[in-house]
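Proteins come first, then strands; the chains are lettered A, B, ... in the order of their sequence lines, and each starts at number 1.
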Amino acid sequence: MELPEKPSLDGLEEKWSARWESDGAYRFDRTKSRAEIYAIDTPPPTVSGSLHMGSVFGYAQTDTIARYRRMRGDEVFYPMGWDDNGLATERRVQNYYGVRCDPSLPYDPDFVPPEKPGKQAIPIGRQNFVELCDQLVVEDEQKFEELWRRLGLSVDWSLTYTTIGEQSRRASQRAFLRNFARGEAYQAEAPTLWDIDDRTAVAQAELEDRELAAAYHAVAFHGTDGQGDVVIETTRPELIPACVALVAHPDDERYQARFDQQVTTPLFGVSVPVLAHPLADPEKGSGIAMICTFGDTTDVVWWRELQLPTRNIMGRDGRLVAEPPEWGSAGSEAATRYAELAGKTSKQAQARIVELLAESGELVGEPKPITHPVKFYERGSRPLEIVTSRQWYFRNGGRDQELRDAFLTRGRELHWHPQHMRQRYESWVEGLNTDWLISRQRFFGVPFPVWYRLRPDGEVDYDALLLPSEDRLPVDPSSDLPDGFTADQRGAPGGFIGDPDVMDTWATSSLTPQIATGWGDDDDLFSRTFPMDLRPQGPEIIRTWLFDTIVRAHFEHGTLPWSDAKINGWVLDPDRKKMSKSKGNVVTPMPLLEQHGADAVRYWAASGRPGTDTAVDEGQMKVGRRLATKLLNASKFALGVTGDAATDGAVTGPLDRSMLATLAELIDDVTGAFEDYDYARALERTERFFWGFCDDYLELVKQRAYGSVGDAAGAGSARAALAVALSALQRLFAPFLCYVTEEIWSWWQVGSVHRTAWPQADESRTLADHAAQLDYLVAADVLGAVRKAKSEARRSMRAEVTRVCVTDTPERLGALARVEADVRGAGSIEHLDTEPGDTFAVEVELADEPAA
RNA sequence: GGGCGCUUAGCUCAGUUGGGAGAGCGCCGCCCUUACAAGGCGGAAGUCGGGGGUUCGAGCCCCUCAGCGCCCACCA
């Protein structure tokens, strides 16, 4: 055993992460059986720039569980993935290179992006765009891996996958084809929420509400057959040309006479019916609403349930379309009016139409300013519109109660940590109102493995799908050919055309359990790792990643994808505000790792319990670093005392046995906490024991272990107990402080602490030989009282004590009698008297201060 | 509108079968103690959100109110 002169935390991270890599310390052994394996479905971070402390928080917590499981003897399957496909990467490429994808442009093999992005985005073809995406994600993934390695994640880096990689594309397409064959995937032409900036449909799961300023405009519709005006209130008067009906509640007495009568729209004079529907709220505005195709999702419900016609005016670019909709008998005046609005954005059109309404006298009173929630794409900057388009969907229960119930049942089969997070899952599933829209009109994603026949007139026949066999996957229908066709038939009448869309990134990442475990590609691995054990993730993606993954596994395998889900809390900025890029309060991890060290950052992360929001707290990191330093020093000291012959002596000392009895209790406690996914409790308990161990036990046995007090048996006992406790403590801390524990372990043990068995409570318990924990407790209490007396007398801890008198219960005095020698030695106590009593009290007489 | 969580020392939090109110940080004081002075030891500090109930006994169980945070919701 060789102990360092002056142990230090410096350099441990470089030293040990390199060693772990070269030794393959965390390499997965795929010969193990399913029962022996613990498989973790690591969240693949979105590769679009930089990681922040929120990621570090959750991943560090998960790593403590992985390390615990490994030490418990499980073969841990712990891969990393990179979520590089999708809109996030596209946006990063657009900004990074100053380009935009125009799929109508041909491939330019000589294209080189500019050094710096220019003011005008350069339009490039789809293939060029995808190539830039492919390049940039590789760079980003390297940076991410560096950070994860520095943090000490014990993943097996040979198992890394990417969501745009070939295996992911194959799995996504295979699952899709099977979903389609079973009727779980379908396409439909329907109104969809549409982002006008990204020019793509978005799914319900990606929506968020934002409060926006708006105004109620009271607008007069005109009665026919001598009936007067009907005044409605709307926040979107610009949609009057898209109005198809008015609607009021069936019981609303004000409108009974109007139901099924016609009214004409202001400005355009279009005849629309007044209809009844229970969704109309008599309390809201004038109790009667204008239905437009489409202003919001309620319009879609009314449109569908009342079987109304479609009058579309909203273009996919967010501007009013050039051609006015079909208005029946409305005259050319209406068309002229509309012509003025065509090409305007929604905002511009509203401003103009309000002017026109004011001029025509059809605006009743002044607009009333309000704020109201408006649906946005969560990454978007302008409100979503609703446009009709052909899209692919997965059934997810949004339109099927029975299926929804099946997913609720799955949610109850899953073990949630913490349990209450299941509520979020349930309220999401219960609130679903559409199926899962998976197609995106984008470029960097998994293409749909689908071609369509073209009719002789060149029109697409969406019912005549051409699908590849599974052994051809992955395919790109824009460059690959359907079986039996030639390249010159692409786009030609009677030929075929590829589906131009890509799958949303969730349609791929919902398969991470399948992708990571080699579904369809590596049956042997799959059989040993699926269904997985743990899904660790953040709370904000329960409705997307967690739910979607359950949907896919339910359809494909008829099972849950994992048995347990651990949901971490939010990371808040140091002022306890939620961190977000838009607020600009994101804390980046690397500087903190460099300043405080990985163990300190891991310590901070592990102090946040599952599901508990935690602020970035450098103070906590400092505490973690101090703990690591303490471990270093205490280990050096204790090992210096025990020497190489550490375990030779029998544990006979009452104090030593009592300490080991307490240690056994700790090990049980900590193990139970880990089994319950409560790593934070495990850490807290271990830490508390350890500080007491340093303050009290080390002080109490110091002299005896040195051999300067007592006999050889006493010294041997102290040394043996020290060795046992130290070994256990180093292992208990190993899941958290992975670097410093590996370092101190290496001083006196063979092999990695992270591949060593988790401490057994029984081992300590046997050595303790039924000793009471009380002995250790009382010894520490008395020693503490003596220290306090010295501190209050402003004396050195080395000050001699002439006499101590302990008052205590007989039972505790009995315990004290067994450990008296150690207590006297540690406190420099000449005489120790005792007096039976009800409560613990200590009188201390200090020796006179020696003359200076 | 529905649901979940939180409310304990100045700050961040722990408190798992109901019986001693705790930790760290911060603050104050002391100590070069041969593992550790970018440290150690010790101290002060709380009507456990308010009210009511059950109990010999409630931070913990029940009811109720309030504040904060989050999730969900068909938000004209």
Side-chain angles (χ1 to χ4, degrees), chain A residues 3 6-7 209 211-212 214 216-217 232-236 239 246-248 277-281 284-292 295-302 305 370-375 418-433 539-540 542-543 569-570 572 574 576 578 607-609 611-615 617-620 622-627 629-641 669 672-673 676 678 680-681 684-685 687-688 691 694-695 698-699 702 706 784-785 787-799 828 839-840:
Chain A
L3 298 175
K6 180 87 181 166
D209 288 341
E211 283 291 326
L212 234 54
Y216 277 127
H217 300 77
I232 62 105
E233 290 196 12
T234 177
T235 55
R236 299 200 64 184
L239 293 180
L246 300 187
V247 66
H277 192 280
L279 219 51
D281 182 357
K284 202 161 283 178
S286 53
I288 187 162
M290 137 179 121
I291 305 175
C292 304
D296 62 30
T297 50
T298 316
D299 281 343
V300 178
V301 174
W302 281 325
E305 295 187 5
I370 57 155
T371 61
H372 68 158
V374 177
K375 289 195 187 312
Q419 271 193 329
H420 69 255
M421 286 292 175
R422 199 186 76 204
Q423 300 298 331
R424 300 200 185 192
Y425 174 90
E426 296 206 344
S427 55
W428 172 251
V429 175
E430 283 163 0
L432 285 168
N433 52 35
E540 76 283 13
I542 288 173
R543 67 180 188 173
W570 286 109
L572 311 172
R576 297 200 65 72
K578 197 166 131 183
S607 64
R609 311 177 102 75
T612 302
D613 298 349
T614 305
D617 183 354
E618 293 199 55
Q620 194 67 4
K622 285 177 186 159
V623 174
R625 188 174 178 89
R626 204 180 52 164
L627 173 64
T629 305
K630 188 84 173 174
L631 252 178
L632 215 50
N633 286 313
S635 296
K636 183 202 157 192
F637 168 64
L639 291 173
V641 171
D669 193 0
D676 214 20
D678 196 348
R681 176 189 164 103
E684 190 248 329
R685 296 302 159 94
E687 190 184 3
R688 188 194 302 172
W691 281 102
C694 292
D695 291 348
L698 288 183
E699 295 299 328
K702 219 180 220 180
Y706 271 134
R787 267 199 303 256
K788 180 174 174 179
K790 290 179 178 176
S791 185
E792 281 171 351
R794 309 193 164 190
R795 296 286 298 276
S796 159
M797 288 301 131
R798 285 203 303 186
S828 312
T839 53
F840 176 64

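Across all strands shown, A:K622 has no heavy atoms under 4.0 Å from either base or sugar-phosphate atoms. Looking at heavy-atom distances under 4.0 Å, A:E687 makes no contact with the nucleic acid at all. Residue A:K636 is out of contact with every strand shown, counting any heavy-atom pair closer than 4.0 Å. Contacts of A:V301 with the nucleic acid, taken as non-hydrogen atoms under 4.0 Å apart, are absent. Within the nucleic acid shown, A:C694 comes within 4.0 Å of at least one base atom, counting heavy atoms only. Here A:T235 lies in heavy-atom contact (under 4.0 Å) with sugar-phosphate atoms only. Counting any heavy atom pair closer than 4.0 Å across all strands shown, A:N433 reaches sugar-phosphate atoms only and no base atom. If you check every strand for non-hydrogen atoms under 4.0 Å, A:G619 touches nothing.
At whole-Å resolution of the value, CG in A:D281 and C1' in B:G1 are 11 Å apart. Remark: C1' of B:C70 and CZ of A:R422 are 18 Å apart, rounded to the nearest angstrom. Distance, A:M421 CE to B:C4 C1': 9 Å, rounded to whole Å. Distance A:D209 CG to B:G2 P: 18 Å, rounded to the nearest Å. Atom CE of A:M290 is separated from atom C1' of B:A76 by 8 Å (rounded to the nearest Å). Nucleotide B:A35 holds its P atom 16 Å from the CE atom of A:M797, rounded to whole Å. With rounding to whole Å, A:E430 atom CD is found 12 Å from B:C4 atom P. What separates CH2 of A:W691 from C1' of B:C41 is a distance of 12 Å, to the nearest Å.
Considering CD1 of A:I542 and CH2 of A:W428, their distance stands at 12.0 Å, rounded to 0.5 Å. Note that CZ of A:R236 is 8.5 Å distant from SG of A:C292, once rounded to the nearest 0.5 Å. To the nearest 0.5 Å, atoms NZ (A:K636) and NZ (A:K6) are separated by 7.5 Å. Rounding to the nearest 0.5 Å places CG of A:D613 at 5.0 Å from CG of A:L572. Atom CG of A:L3 sits about 10.5 Å away from atom CG of A:L632, to the nearest 0.5 Å. Taking OG1 of A:T614 as the start and CZ of A:R609 as the end, the distance is 10.0 Å to the nearest 0.5 Å.
For the pair A:K284 and A:Y216, the cation-pi criterion (under 6.0 Å, within 45° of the ring axis) is not fulfilled.
In terms of phosphate contacts, A:R626 brings a side-chain nitrogen or oxygen within less than 4.0 Å of OP1 or OP2 of B:C25. OP1 or OP2 of B:C4 has not a single side-chain nitrogen or oxygen of A:R424 nearer than 4.0 Å. Side-chain nitrogen and oxygen atoms of A:Y425 include none within less than 4.0 Å of the OP1 or OP2 phosphate oxygen of B:G3. One finds no side-chain N or O of A:K790 lying less than 4.0 angstrom from the OP1 or OP2 phosphate oxygen of B:G42. Note on A:K6: every side-chain N or O is 4.0 Å or more away from OP1 and OP2 of B:A35.
Separating the P atom of B:G3 from that of B:A76 is a span of 24 Å, rounded to the nearest Å. B:G50 and B:C11 are spaced 23 Å apart, taking the C1' atom of each and rounding to whole Å. For the C1' atoms, the distance linking B:C63 with B:C28 amounts to 44 Å, nearest Å. As rounded to the nearest Å, B:C32 and B:A23 have P atoms that lie 26 Å from one another. The gap from the C1' atom of B:C65 to that of B:G10 amounts to 27 Å, rounded to the nearest Å. Comparing the P positions of B:G2 and B:G52 gives an interatomic distance of 27 Å, to the nearest angstrom. Between B:G18 and B:G53, the two C1' atoms lie 15 Å apart (nearest whole Å). Only the P atoms considered, B:A44 is 24 Å distant from B:G39, to the nearest whole Å.
B:G29 and B:C41 make up a base pair, with Watson-Crick or G-U wobble contacts both under 3.5 Å. Remark: B:G20 base-pairs with no nucleotide; criterion is Watson-Crick or G-U wobble with both hydrogen-bond distances under 3.5 Å. With a cut-off of 3.5 Å on both pairing distances, B:U55 has no Watson-Crick or G-U wobble partner at all. Pairing of B:A9, defined by two Watson-Crick or G-U wobble distances under 3.5 Å, is not identified with any nucleotide. Across every strand in view, B:C4 sits in a pair with B:G69 that passes the Watson-Crick or G-U test at under 3.5 angstrom.
Nearest to the side chain of A:D695, among B:C72, B:G40, B:C36, sits B:G40. Among B:A35, B:C74, B:G42, the nucleotide with an atom closest to any side-chain atom of A:E792 is B:G42. Taking every side-chain heavy atom of A:K630 into account, B:G40 is the closest of B:G43, B:A76, B:G40. Of the candidates B:A35, B:G29, B:G40, the closest approach to any side-chain atom of A:S791 belongs to B:G29. The side chain of A:R543 lies closest to B:C72, out of B:A76, B:C72, B:C41. Comparing B:A35, B:C71, B:A76 by their nearest atom to the side chain of A:S427 picks out B:C71. Here B:G3 is the nucleotide among B:G3, B:C74, B:C75 with the atom lying nearest to any side-chain atom of A:Q423.
For the pair A:N633 (side chain) and A:T629 (backbone), a donor-acceptor distance under 3.5 Å is present. Side-chain atoms of A:S635 come within 3.5 Å of backbone N or O of A:L631 as a donor-acceptor pair.
In this structure, A:H420 and A:S635 both approach RNA chain B, and ranking their closest nucleotides by distance from the 5' end singles out A:H420.
Not counting sequence neighbours, the partners of A:E233 by the salt bridge (Lys or Arg N to Asp or Glu O under 4.0 Å) test are A:K368.
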Going through the distances and angles, do A:R688 and A:E684 end up as a salt bridge (charged side-chain N to carboxylate O under 4.0 Å, His left out)?
CA-CA 6 Å; A:R688 188 194 302 172; A:E684 190 248 329; 2.8 Å; yes
Close N or O pairs between protein and nucleotides 11-14 of chain B (under 3.5 Å):
from	atom 1	to	atom 2	distance (Å)
B:U12	O3'	A:R576	NH1	3.2
B:C13	OP1	A:R576	NH1	3.0
B:C13	OP1	A:R576	NH2	2.6

